[in-house]
Amino acid sequence: MSEAALALSLFLHIAATAIWIGGILLITFLVVPEIHRALAEQPALYQLLTRLRNRFTILGNLALAVLIVTGLLQMSTDPNYEGLLRFSNRWSQALLLKHILIIVMALCGLLLQFGVAPALERTSLMRERGLGERDEWARLQRRERRLTVLIALLALAILAASAWLTAI
């Protein structure tokens, strides 16, 4: 890979990281708690959170796709890379850890995106009409919050693994 192509790949990788992980951390620890404080139990709360989630999902998934493509390109050009499923040096072991963290994070994101979020949206709509069960709604809220915090913590662990890879 040429120096210019590698520089472009690194730039896109860093930009996608800032969007994906930065967005997750910002939304998890700043935006959502403040929205909860401001809107408390109002029906607009979950309408707003749903809109926010839907907008970030598109951007986050695009950033994740860029990360995968640029990461694979960079991995294949790294002198520490010894081949697929070869983990004989510390760099490849750190990369394996990073990839495991990314896979776990992606699975949590899929569970949130296709399981918990739709169920929470349905339950919220039912509650707005006076039909939903408060216990179910509260249970889904707790599950959403736990998954969101877990995803944010995994994001930080991925950053740490990236730093470790760079230091090796």
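Any value given below was found using the heavy atoms of this structure, including those in side chains, with hydrogens, waters and symmetry copies removed. Positions are given from 1 along the sequence.
- Residue Arg53 holds its CZ atom at 7.5 Å from OG1 of Thr57, rounded to the nearest 0.5 Å.
- The CG atom of Leu147 sits 13.0 Å away from atom CZ of Arg142, with the distance rounded to the nearest 0.5 Å.
- In plain terms, the two heavy atoms of Phe56 and Gly23 that are nearest each other are CE1-CA, 3.7 Å.
- Here the shortest heavy-atom pairing between Gln93 and Phe87 reads NE2-O, 3.0 Å.
- By the 4.5 Å heavy-atom criterion applied to side chains, Ile58 and Leu62 are not counted as neighbours.
- Here the straight-line distance linking atom NE2 of His99 with atom CD1 of Ile68 works out to 9.0 Å at 0.5 Å rounding.
- Scanning all heavy atoms of the two residues, the minimum distance from Ser92 to Ser88 falls at OG-N, 3.5 Å.
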Do any side-chain atoms of residues 24-35 form donor-acceptor pairs under 3.5 angstrom with protein atoms, and if so which ones, sequence neighbours left out?
residue	atom	partner	partner atom	Å
Thr28	OG1	Ile24	O	2.7
Glu34	OE2	Arg37	NH1	2.5

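- Across all non-hydrogen atoms, the minimal contact from Trp20 to Ala63 is CB-CB, 3.9 Å.
- The distance from atom CG of Leu67 to atom CD1 of Ile102, rounded to the nearest 0.5 Å, is 7.5 Å.
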Donor-acceptor pairs under 3.5 Å, side chain of residues 3-17 to any protein atom, not counting sequence neighbours: which ones?
residue	atom	partner	partner atom	Å
Ser9	OG	Gln74	NE2	3.0
His13	ND1	Thr70	OG1	2.6
Thr17	OG1	His13	O	2.8

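- The distance from atom CG of Leu101 to atom NZ of Lys98, rounded to the nearest 0.5 Å, is 10.0 Å.
- Residues Ile19 and Leu156 fall into different hydrophobic clusters, defined by Ile, Leu, Val, Met, Phe, Trp and Tyr side chains chained together at heavy-atom separations under 4.5 Å.
- With values rounded to the nearest 0.5 angstrom, Leu64 atom CG is found 9.5 Å from Ile21 atom CD1.
- With contacts defined as side-chain heavy-atom distances shorter than 4.5 Å, the pair Leu111/Arg143 qualifies.
- Taken together through direct or relayed side-chain contacts under 4.5 Å among Ile, Leu, Val, Met, Phe, Trp and Tyr, Ile103 and Leu153 form parts of separate hydrophobic clusters.
- Across every non-hydrogen atom of Leu140 and Val116, the tightest pair is O-CG1, 3.9 Å.
- Under the 4.5 Å side-chain heavy-atom criterion for Ile, Leu, Val, Met, Phe, Trp and Tyr, Leu73 and Val66 are members of distinct hydrophobic clusters.
- Linking ILVMFWY side-chain heavy atoms closer than 4.5 Å, directly or via other members, places Leu59 and Met105 in two distinct hydrophobic clusters.
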